[in-house]
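Structure, as structure tokens:
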Amino acid sequence: MHRYRSHTCGALREGDIGKDVRVAGWCHRIRDHGGLLFIDLRDHYGLTQCVADPDSPAFKLAEKLRAEWVVKIDGKLRKRPAGTENPELPTGLVEVFISEIEVLGAAAELPLPVFGDQEYPEETRLQYRFLDLRRERLHANIMNRGAIIDSIRRRMKDGGFFEFQTPILTASSPEGARDYLVPSRIHPGKFYALPQAPQQFKQLIMVAGFDRYFQIAPCFRDEDARADRSPGEFYQLDIEMSFVTQQDVFDAVEPVMRGVFEEFSGDKPVTKKFPMIPYADALRKYGTDKPDLRNPIEMANVTESFRGSGFKIFANMIVGDPKVEVWAIPARKGGNRAFCDRMNSWAQGEGQPGLGYIFWREGEEGGAGPLAKNIGPERTTAIRDRLKLAVGDACFFVAGLPKQFVKFAGPARTKIGEELGLVQKDRFDFCWIVDFPMYEWNEEDKKIDFSHNPFSMPNLPVEEFLALDASDQDKILGLKAIQYDIVCNGVELSSGAIRNHRPEVMKKAFAIAGYGEDVLEKKFGGMLRALQYGAPPHGGIAPGIDRIVMLLCGEENLREVVLFPMNQRAEDLLMGAPSEATPKQLRELHIRLNLPQK
RNA sequence: GGGGGCGUAGCUCAGUUGGUUAGAGCGCUGCCCUGUCACGGCAGAGGUCGCGGGUUCGAGUCCCGUCGCUCCCGCCA
């Protein structure tokens, strides 16, 4: 017999009854009845009940066992007595009658019980991650993650993509997030940077003629964390393709995303054909460039209904500035004062002066609420008809400069949808967001900036783009880039673009943002040179692996789908990272510390 | 860098307008228990109430500061 086990804890069935078996694992739960003692033995594969009575020579030792001790148990497999079967367990018809126990690894008193599904503080969980990972839900999430990544790889390879590895120690990239730096021993005073993404490498792979690239790529960014943004490091499904249009990228990526989600979503429906929503439309309808389409609310511009109306606050704003607009947020089933008032106080809690509303109820089909009285039944009814609202519904209004109030209107739409139960939770609603602006106005520095990354191709014929005059600001700020996002249930899963592969367009693009050729050469010299020796048109995308897994596991925090995550302050509490370096290490790296006073 | 929430037993949490000896469940220790699967019963140990200062006759409770965790804003092309 094998030194440790003849069967795993998930393997034994009725067909094995009568066999002498050997199982090993963790004592999940022990029930000591004095004259009879049960041990639920757990391993990666499942749970098997082992039982001992005073006739067993192992009984005395069994009484000493505690939760999470690792033991090896020998015994005979037998059928459970009639009426004591456990239908919850696949192994629930049988049990091991213990003849011998060997303790392979005792456990100290647990800071975090494995049994049960109680919640524990993040700090404890991270410090004892190995215990936390034994727990059913986290264990399942991690296995699910692996299966999802396997499926993604298979689908990418089936799509004709090939997996490449790119350097981890590379050069600092001047745009974007803060880099993690690694000091060079051989070159005093110089540093490597960890890649924020293999962006330039994957483009170089296209220039090198490889055509269809992908990688489950680690990315490193020294920025502050969020629930859906790991500090330090995360993984992307990095993709790049040559000789493609935007539509080609969509056609390659959409089936992979849909396929993976359909495979792992359980019974939840997945969008059959991802709609394409222009960036500007997304802002107008949903107040965000990452809309949750499970929420059916679409906002509408109702400025004209308030122009010259009796509601002087809005009317005066509209007269005072031609850029002022009034947006309506329809709230089906929200037609009662209690709800409207609650939303109003919520808005005040968000730092808004309030949230104007109209609601329609039996006998007041012309609209109720102070706002309705001010603008009169005619305008009220026009709004109601325009938004296809009825008795029992309400409508909220935000006014001002859209650029400023979308940051409130978007969350208000979300809040209203959730409060009224309009959001259909059990589904995955995808969309493409397209036509992102190429540039934006930087109010602080009074200049034009890239609005996304500088590698995207402007969506304009090359000659026309090259002919742009810097003074033609309106045209420049209205320019779209061939840049796109995938959004699912309000989560931005990825961002991509058709790249700018023409050196002269690249130079022009940087010139518009106020960067001379010297800057371009210094920042992206390698890239620029590569484009000068025959670069194919190419483009790609990079869906976030961790976020995909998070959605598919039904989790709201990335730490639930990462084996060994860092905490919000980018510390690994289990391994103790980051840690101080020894004087010798620092000397070798030519580094002298200059720590902050305190 | 800024804002909100939290911090009480190993763990999860309760703790009334500030008032006697700070409680419960899980876990731990000991005893009882031969069909449990959240086994049950009895007894017990375990607390600088995050830390420092203040108000008060009296502070877990109120105030100020500080530290830690978490969520958010900034940031994340």
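We use all heavy atoms of the structure for the numbers below, so side chains are in, but hydrogens, waters and symmetry mates are not. Chain identifiers are assigned alphabetically (A, B, ...) following the order of the sequence lines, protein sequences preceding nucleic acid strands; residue numbering begins at 1 within each chain. What you see is a predicted model; the values in this text were computed from it and never measured.
Across all strands shown, B/G68 forms a Watson-Crick or G-U wobble pair with B/C6, both key distances being under 3.5 Å. Across all strands shown, B/U55 has no partner, as no Watson-Crick or G-U wobble contact with both distances under 3.5 Å is found. B/G35: no Watson-Crick or G-U partner with both key distances under 3.5 Å is found in any strand. Applying the Watson-Crick and G-U wobble criteria (two distances, each under 3.5 Å), B/U29 pairs with B/A43. The partner of B/G1 is B/C73, judged by Watson-Crick or G-U wobble contacts that both fall below 3.5 Å. Base pairing analysis places B/G23 opposite B/C13; the two distances defining the Watson-Crick or G-U wobble pair are each below 3.5 Å.
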Indicate every side-chain donor-acceptor pair of residues 569-580 of chain A with a distance under 3.5 Å to a residue at least two apart or in another chain.
unit_1	atom_1	unit_2	atom_2	d
A/Glu571	OE1	A/Asn567	ND2	3.0
A/Asp572	OD1	A/Leu574	N	2.9
A/Asp572	OD1	A/Met575	N	3.0

N/O donor-acceptor pairs under 3.5 Å from side chains in residues 476-487 of chain A, not counting sequence neighbours:
unit_1	atom_1	unit_2	atom_2	d
A/Lys480	NZ	A/Gly478	O	3.3
A/Gln483	OE1	A/Ser456	OG	2.6
A/Tyr484	OH	A/Ala497	N	3.3
A/Tyr484	OH	A/Ala497	O	3.2
A/Tyr484	OH	A/Gly540	O	2.9
A/Asp485	OD1	A/Ser495	OG	2.9

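Ranking B/C75, B/U36, B/A77 by closeness to the A/Arg226 side chain, first place goes to B/C75. Nearest nucleotide to the side chain of A/Glu95, out of B/G35, B/C71, B/G74: B/G35. Listed candidates were B/G1, B/A77, B/C28. Nearest to the side chain of A/Pro454 is B/A77. Among the nucleotides B/C37, B/C76, B/G35, the one closest to the side chain of A/Asn86 is B/C37.
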For nucleotides 39-43 of chain B, tabulate all protein N/O to nucleotide N/O atom pairs closer than 3.5 Å, reporting atom names and distance.
unit_1	atom_1	unit_2	atom_2	d
B/C39	OP1	A/Arg29	NE	2.5
B/C39	OP1	A/Arg29	NH2	2.6
B/C39	OP2	A/Arg29	NE	3.3
B/C39	OP2	A/Arg31	NH1	3.4
B/C39	N4	A/Asp32	O	2.3

Distances under 3.5 Å between nitrogen or oxygen atoms of protein and nucleotides 10-12 of chain B:
unit_1	atom_1	unit_2	atom_2	d
B/U12	OP1	A/Pro121	N	3.4
B/U12	O4'	A/Gln118	NE2	2.8
B/U12	O2'	A/Gln118	NE2	2.7

Grab the N/O contacts between the protein and nucleotides 3-9 of chain B below 3.5 Å, and write none if there aren't any.
none

Return the polar atom pairs (N/O with N/O) between nucleotides 48-51 of chain B and the protein under 3.5 Å, or none.
none

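Residue A/Arg125 is out of contact with every strand shown, counting any heavy-atom pair closer than 4.0 Å. Residue contacts shown for A/Arg78 include a base, since a base heavy atom lies under 4.0 Å away.
Between A/Arg547 and A/Glu492 there is a side-chain heavy-atom pair separated by less than 4.5 Å.
The distance from atom CD of A/Glu233 to atom C1' of B/C76 is 16 Å, rounded to the nearest whole Å. With rounding to whole Å, A/Trp346 atom CH2 is found 15 Å from B/C72 atom P.
Between the side chain of A/Gln196 and the base of B/A77 there is no donor-acceptor pair of N/O atoms closer than 3.5 Å.
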